[in-house]
Amino acid sequence: MSHNAAGDAGISARTLRVKMVLLGSCGVGKSSLATRFVKGEFVNIQQTVGCAYHSHVVSVNGVSLRFEIWDTAGQEKYHSVTPLYYRGAHAALVVYDVSNKESFRRAQFWLKELEKQYIPDSTVVWLVGNKADLTHDRQVSSQEGQNLAEDRGLGFMETSALSGDHVTQLLQTIAYRVHELTWDQCSLSDWQEFHREDLKNRPFFSSLPSCCNTGT
Ligand SMILES: Nc1nc2c(ncn2[C@@H]2O[C@H](COP(=O)(O)OP(=O)(O)OP(=O)(O)O)[C@@H](O)[C@H]2O)c(=O)[nH]1
């Protein structure tokens with residue numbers, strides 16, 4: 001499995017579109033993680049208004065997965081619209097800040113919300129403790145994160161968008177899991193090919209198994 005550093009330039013003939021949503025409280029580092037995924041760098045980012053969109057191609061076992069990343073705003077005033085973004089998602093990252101206990105409590109709220117929508121064994125849901133570099137300010141232990149993820153049957157990883165620690169591994173792990181799930185559900189011949197175009201203007205396929213239902 002490898003990242004395609006060239007992004008769209010290296011897009012292969014067969015590409016699976018993967019809708020991934022980032023959820024979590026204000027300021028936990030969702031946008032910073034998204035920027036790390038896509039550009040491999042850490043930059044100072046403005047607070048998200050509504051939702052931001054990014055895309056990035058990752059290849060797994062010779063198949064390209066085009067991640068369409070929806071970075072939702074953590075501010076309370078946008079919460080009523082957030083379900084619009086995670087509906088039909090193939091992967092969801094519920095992010096909290098390890099130096100902020102309240103953000104960990106909010107992560108549990110987001111997990112409950114997600115559970116109303118996702119189909120077990122069809123959506124890859126990951127609990128992510130970001131800002132792991134803030135070792136002296138830690139309010140949530142790795143064990144607490146791990147326990148919550150285990151209770152809910154989810155994946156778990158701690159990351160630092162600042163240092164880049166475990167960010168690539170996180171995306172690779174998600175890509176691998178999505179590939180594994182979709183591979184189980186339909187054969188490669190069912191996967192729809194698509195050409196480069198502005199996917200933001202296209203409706204997402206919403207029912208699973210998604211790989212059989214792109215409508216492209
Ligand atoms: N120390 C540290 N700071 C981080 C990390 N990730 C993000 N930050 C900082 O945390 C603040 C919030 O980061 P954002 O990426 O904007 O957080 P967000 O979750 O997208 O916030 P909203 O847009 O309000 O939902 C910024 O000042 C970032 O520089 C990290 O891994 N470590």
Side-chain angles (χ1 to χ4, degrees), residues 3 7 18-56 58 67-87 89-114 117 123-146 148-149 152 154-175 200:
H3 275 277
V18 179
K19 180 184 179 183
M20 182 167 87
V21 66
L22 271 61
L23 301 168
S25 298
C26 196
V28 296
K30 299 178 296 298
S31 304
S32 303
L33 281 171
T35 305
R36 266 280 176 207
F37 289 149
V38 174
K39 297 185 177 161
E41 59 185 29
F42 182 81
V43 286
N44 249 332
I45 295 161
Q46 303 254 315
Q47 201 167 52
T48 308
V49 175
C51 191
Y53 172 87
H54 311 263
S55 81
H56 188 62
V58 176
F67 276 84
E68 300 172 352
I69 303 169
W70 293 89
D71 165 25
T72 64
Q75 279 182 288
E76 199 88 33
K77 64 180 176 185
Y78 296 114
H79 286 182
S80 59
V81 295
T82 305
L84 297 175
Y85 298 107
Y86 59 71
R87 210 163 282 152
H90 306 91
L93 306 188
V94 176
V95 185
Y96 65 92
D97 169 353
V98 301
S99 70
N100 180 337
K101 192 89 179 179
E102 180 54 28
S103 74
F104 186 61
R105 276 192 282 270
R106 287 298 288 170
Q108 295 169 51
F109 160 81
W110 283 117
L111 289 174
K112 284 204 183 95
E113 287 298 298
L114 263 180
Q117 300 272 343
T123 310
V124 176
V125 182
W126 229 258
L127 180 66
V128 179
N130 189 44
K131 305 197 188 180
D133 56 282
L134 296 177
T135 44
H136 299 301
D137 299 321
R138 206 181 246 281
Q139 292 182 2
V140 185
S141 69
S142 301
Q143 195 58 54
E144 284 174 278
Q146 187 73 56
L148 175 60
R152 305 289 176 98
L154 311 173
F156 172 68
M157 201 171 278
E158 287 192 345
T159 56
S160 168
L162 175 66
S163 69
D165 271 6
H166 294 119
V167 175
T168 303
Q169 290 96 314
L170 174 63
L171 192 61
Q172 286 179 331
T173 307
I174 303 281
K200 280 179 279 184

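In each ligand, atom 1 is the first atom listed, and ligand 1 is the first ligand listed. Basis for what follows: all heavy atoms, side chains included, without hydrogens, waters or symmetry-related copies.
- Proximity of Ala73 to ligand 1, defined as any heavy-atom pair under 4.0 Å, is confined to the backbone N, CA, C and O atoms.
- The closest protein non-hydrogen atom to atom 29 (O) of ligand 1 is Phe42 CZ, 3.2 Å.
- Looking only at heavy atoms of the protein, atom 26 (C) of ligand 1 is closest to Asn44 OD1, 4.5 Å.
- Of the N or O atoms in Asp133, one or more lie within a sub-3.5 Å distance of an N or O in ligand 1.
- Distances between N or O atoms of Ser32 and those of ligand 1 include at least one value under 3.5 Å.
- Using a 4.0 Å heavy-atom cutoff, Gly24 is absent from the residues neighbouring ligand 1.
- Rounded to the nearest 0.5 angstrom, Ile69 CD1 and Leu93 CG are separated by 8.5 Å.
- Proximity to Gly74 (heavy-atom distance under 4.0 Å) selects the following atoms of ligand 1: 22 (P), 25 (O).
- Where the criterion is an N or O separation shorter than 3.5 Å, residue side chain and backbone included, Gln46 fails it with respect to ligand 1.
- Using modelled atom types, one side-chain atom of Thr72 and one backbone atom of Leu22 make a donor-acceptor pair closer than 3.5 Å.
- Against a heavy-atom cut-off of under 4.0 Å, Ala161 is close to the following atoms of ligand 1: 6 (N), 30 (C), 31 (O).
- Summarising the local packing, CD of Gln46 is surrounded by 12 or fewer heavy atoms from other residues, nucleotides or ligands at distances under 6.0 Å.
- Thr48 pairs by the side-chain contact (heavy atoms from CB on, under 4.5 Å) definition with Ser31, Ala52, Asp71, Ala73, not counting sequence neighbours.
- Among all protein heavy atoms, the one lying closest to atom 17 (O) of ligand 1 is Gly29 N, 3.1 Å.
- Taking any N or O of Ala132, backbone or side chain, none lies under 3.5 Å from an N or O belonging to ligand 1.
- The closest donor-acceptor contact from the side chain of Lys131 to the backbone of Leu162 lies at 3.5 Å or more, if one exists at all.
- Panel note: side chain Lys30, backbone Val95; no donor-acceptor pair is recorded below 3.5 Å.
- Checking atom 2 (C) of ligand 1 against the protein gives a heavy-atom contact under 4.0 Å.
- Looking only at protein heavy atoms, the nearest one to atom 18 (P) of ligand 1 is Lys30 N, 3.5 Å.
- Under the 4.0 angstrom criterion for non-hydrogen atoms, Ser25 is in contact with ligand 1.
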List the steps, then state whether side-chain contact (heavy atoms from CB on, under 4.5 Å) holds for Ile45 with Ser32.
CA-CA 7 Å; Ile45 295 161; Ser32 303; 3.8 Å; yes
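- Protein heavy atom in closest approach to atom 12 (C) of ligand 1: Gly27 O, 3.5 Å.
- Residue-ligand proximity, Ser160 to ligand 1, at heavy-atom distances under 4.0 Å covers atoms 31 (O).
- Within the 4.0 Å heavy-atom criterion, the part of Leu134 lying near ligand 1 is the side chain and not the backbone.
- Protein heavy atom at the shortest distance from atom 10 (O) of ligand 1 is Lys131 NZ, 3.0 Å.
- Here the side chains of Leu111 and Leu154 are in contact, with some heavy-atom distance below 4.5 Å.
- Contact annotation: for Leu33 versus ligand 1, there are no heavy atoms closer than 4.0 Å.
- Atom CH2 of residue Trp126 and atom CZ of residue Phe156 lie 11.5 Å apart, to the nearest 0.5 angstrom.
- Contacts with ligand 1 closer than 4.0 Å are made by heavy atoms of both the backbone and the side chain of Thr48.
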Check: After noting the C-alpha distance and the side-chain angles of Tyr53 and Glu68, does the key distance pass the side-chain contact (heavy atoms from CB on, under 4.5 Å) rule?
Finding: CA-CA 7 Å; Tyr53 172 87; Glu68 300 172 352; 3.6 Å; yes
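- Distance alone, capped at 3.5 Å, is enough to place a donor-acceptor pair between the Asn130 side chain and the Val28 backbone.
- The pair Glu144-Lys101 meets the salt-bridge criterion, with a side-chain N (NZ, NE, NH1 or NH2) lying under 4.0 Å from an Asp/Glu carboxylate O.
- Inclusion of Ile45 in the set of residues having an N or O under 3.5 Å from an N or O of ligand 1 is not warranted.
- The backbone N or O of Asp97 sits less than 3.5 Å from a side-chain atom of Ser103, completing a donor-acceptor pair.
- At a heavy-atom distance under 4.0 Å, only side-chain atoms of Asn130, from C-beta outward, approach ligand 1.
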